[in-house]
Participant: 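Here you go, one structure.
Reckoned from all heavy atoms, side chains included, excluding hydrogens, waters and symmetry mates.
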Amino acid sequence: MNSKITIIGAGSVGSTIAYTLSGEDMASEIVMIDINKEKVEGEVMDIEQGTCFRDPISIVAGDYKDAKDSDIVIITSGIARKPGQTRIELAQTNVDILKQITPEIVKAAPNALYIIVSNPVDIMTYVFTKISGLPENQIIGSGTILDSARLRCGLSEHFGVAQRNIHAYVYGEHGDTSFVPWSAARIAGVNVDDYYEMMPKMGKEAKKLDKEAMLTYVQKSGGEIIANKGATFYAVTRGVCRLCGILMAASESVSTVSSMMHGEYGIEDVCLSTLALVGPNGIQSKIPMALTDEEVEKLKYSADALKKVIAQIDI
């Protein structure tokens, strides 16, 4: 494909995204930008030396001007979350970094679709939407793509069913106030609770699903990984690369991405994750999936928690 992807930030996430994209047929040109010039040049050299095993691809360590004509820009810049630190505690530091980056990259690539990955991603998506001057459809926060992947991984292990047969999502903040709309969780079109009841008839056994424990697994997995190995980057990379594929596809797909709310579920002026139709034109629209009254309240609670943070930061 004759497409160009620019990645801002050559840390663990940005570099792993670049490496993963270099092995796929998604882009013909990848530009990496980072304030640490030696680091980004080293990452590019290391990645480039493995590209002889694929069709030719250009990978360069560049500057903002080199992002010109990018189809997609992925922003991963920011200070990494430390063990025991919440995403929200990162807010002001990473917002300040984003405020420096935004005018430079938007000037160079005003027509690109932007994927915001930096944490806290909902706050960063909100700030970028407010200060970039770009149409909102061009701005996609990675949101709860990773959370939803963790949920499907957990459900797959619990029920012994392939993840691709599970349609369940995490809504709200990419963080501690996220929740699972269990009323819409399906395994091969069957509600999760009904599927559990059907299992004995299929000759299968499983423990009854502890939904609170599953949510805890989803919310705390990142912190556990960081405690064990210092950072998380493999799973989020797969989610971001999948999102790149969706943005380059011929038709839209459904994904839980973070975007500005305009009255959906009674929520306004905050970015968080709900189901959205995403494709070559960015976010086409939100999908008004039916939620129970309790689930709507959980979504509002998540929105309010994010708004409290936004009210305390300097945009």
Side-chain angles (χ1 to χ4, degrees), residues 1-22 24 26-37 39-40 43-44 47 57-78 94-95 97-119 121-143 145 233 236-249 255 257-260 271 276 278-284:
M1 296 180 66
N2 186 25
S3 57
K4 181 176 180 178
I5 297 178
T6 292
I7 302 167
I8 302 179
S12 297
V13 173
S15 298
T16 307
I17 291 172
Y19 169 72
T20 304
L21 288 173
S22 75
E24 300 185 5
M26 211 175 295
S28 56
E29 185 175 357
I30 296 173
V31 177
M32 293 188 70
I33 301 171
D34 195 280
I35 193 171
N36 187 335
K37 302 297 183 182
K39 173 70 158 61
V40 74
E43 293 290 355
V44 166
I47 294 169
I57 182 173
S58 169
I59 306 175
V60 299
D63 210 333
Y64 291 111
K65 60 181 174 53
D66 299 303
K68 182 181 178 182
D69 298 325
S70 292
D71 297 287
I72 295 173
V73 173
I74 304 169
I75 298 179
T76 72
S77 298
N94 285 350
V95 163
I97 293 171
L98 183 66
K99 286 160 65 177
Q100 297 175 16
I101 292 169
T102 300
E104 301 285 349
I105 189 59
V106 169
K107 180 181 177 181
N111 298 317
L113 298 174
Y114 283 77
I115 301 176
I116 313 300
V117 184
S118 306
N119 273 322
V121 67
D122 301 293
I123 304 297
M124 301 290 274
T125 304
Y126 179 86
V127 172
F128 188 82
T129 301
K130 289 292 186 180
I131 69 176
S132 68
L134 296 176
E136 289 183 9
N137 67 291
Q138 290 179 228
I139 304 167
I140 305 108
S142 58
I145 287 178
F233 41 86
V236 68
T237 288
R238 295 308 310 180
V240 171
C241 290
R242 168 60 179 157
L243 188 51
C244 287
I246 291 173
L247 296 178
M248 294 181 182
S255 188
V257 295
S258 185
S259 62
M260 188 68 74
C271 290
V278 186
N281 296 315
I283 295 181
Q284 188 70 27

Participant: I'd like to check V73 versus I8 (side-chain heavy atoms, cut-off strictly below 4.5 Å). Are they in contact?
Facilitator: yes

Participant: So do the side chains of T129 and E136 get within less than 4.5 Å of each other, counting heavy atoms only?
Facilitator: yes

Participant: Examine distances only and state if a side-chain atom of N137 and a backbone atom of Q284 form a donor-acceptor pair shorter than 3.5 Å.
Facilitator: no

Participant: Using a 3.5 Å distance criterion without hydrogens, assess whether the side chain of T16 forms a donor-acceptor pair with backbone atoms of F233.
Facilitator: no

Participant: Does the side chain of S259 reach to within under 4.5 Å of the side chain of C271, using non-hydrogen atoms?
Facilitator: no

Participant: Which heavy atom of I47 sits nearest a heavy atom of S15, and at what distance?
Facilitator: CD1-O, 3.9 Å

Participant: Any donor-acceptor pair under 3.5 Å linking the side chain of Q138 with the backbone of A112?
Facilitator: yes

Participant: How far does CD1 of I140 sit from OH of Y114, to the nearest 0.5 angstrom?
Facilitator: 11.0 Å

Participant: Would you call M248 and I5 a side-chain contact if the rule is heavy atoms closer than 4.5 Å?
Facilitator: yes

Participant: Does K68, at its NZ atom, have more than 12 non-hydrogen atoms belonging to other residues, nucleotides or ligands within less than 6.0 Å?
Facilitator: no

Participant: Of the non-hydrogen atoms in I105 and A67, which two are nearest, and what is the gap between them?
Facilitator: CD1-CB, 3.5 Å

Participant: Taking the side chain from S132 and the backbone from L134, do they hold a donor-acceptor pair closer than 3.5 Å?
Facilitator: yes

Participant: Kindly indicate whether the side chain of D69, heavy atoms from C-beta on, has any atom under 4.5 Å from the side chain of N111.
Facilitator: no

Participant: Among V121, V127, I123, exactly one meets side chain to side chain contact (heavy atoms under 4.5 Å, CB included) together with T125. Which residue is that?
Facilitator: V121

Participant: Please lay out, stage by stage, how E29 and I57 fare under the test side-chain contact (heavy atoms from CB on, under 4.5 Å).
Facilitator: CA-CA 6 Å; E29 185 175 357; I57 182 173; over 6 Å; no

Participant: Would you find a donor on one side and an acceptor on the other, under 3.5 Å apart, between the side chain of D63 and the backbone of K65?
Facilitator: no

Participant: Got a second to check how far L243's CG is from I72's CD1, nearest 0.5 Å?
Facilitator: 7.5 Å

Participant: Hey, what do you get for CD (E43) to CD1 (I59), rounding to the nearest 0.5 Å?
Facilitator: 11.0 Å

Participant: Is there a donor-acceptor contact under 3.5 Å from the side chain of K39 to the main chain of A10?
Facilitator: yes

Participant: Which heavy atom in S142 sits nearest to a heavy atom in V117, and how many Å separate them?
Facilitator: OG-CA, 3.7 Å

Participant: Grab the two heavy atoms, one from M32 and one from V40, that are nearest each other, plus how far apart they are.
Facilitator: CB-CG2, 3.5 Å

Participant: Do T6 and S70 meet the criterion of a side-chain donor-acceptor pair at a distance under 3.5 Å?
Facilitator: yes

Participant: How far apart are the closest heavy atoms of D34 and G11, and which atoms are they?
Facilitator: OD2-N, 4.3 Å

Participant: Measure the CD1-OH distance between I116 and Y126 for me, rounded to the nearest 0.5 Å.
Facilitator: 15.0 Å

Participant: Is there a donor in the side chain of N94 and an acceptor in the side chain of S118, or the other way round, less than 3.5 Å apart?
Facilitator: no

Participant: Can you confirm whether V13 sits close enough to V236 that some side-chain heavy atom of one is under 4.5 Å from a side-chain heavy atom of the other?
Facilitator: yes

Participant: Do I7 and V31 make a side-chain contact, defined as non-hydrogen atoms from C-beta onward lying under 4.5 Å apart?
Facilitator: no

Participant: Walk me through it: do C244 and I74 pass the test side-chain contact (heavy atoms from CB on, under 4.5 Å)?
Facilitator: CA-CA 9 Å; C244 287; I74 304 169; 3.7 Å; yes

Participant: So, taking the atom named CD1 in I33 and the one named CG in D66, what distance separates them when rounded to the nearest 0.5 Å?
Facilitator: 6.5 Å

Participant: With rounding to the nearest 0.5 angstrom, report the SG to CD1 distance, C241 to I246.
Facilitator: 11.5 Å

Participant: Given side chains that start at C-beta, do those of T20 and R238 come closer than 4.5 Å, heavy atoms only?
Facilitator: yes

Participant: Has K107 got more than 12 heavy atoms of other residues, nucleotides or ligands less than 6.0 Å from its NZ?
Facilitator: no

Participant: Would one find more than 12 heavy atoms of other residues, nucleotides or ligands at under 6.0 Å from atom OH of Y64?
Facilitator: yes

Participant: Report yes or no: does S255 contribute a side-chain atom to a donor-acceptor pair with the main-chain N or O of V278 at less than 3.5 Å?
Facilitator: no

Participant: If you take all heavy atoms of I30 and A18, which pair is closest and at what distance?
Facilitator: CD1-O, 3.9 Å

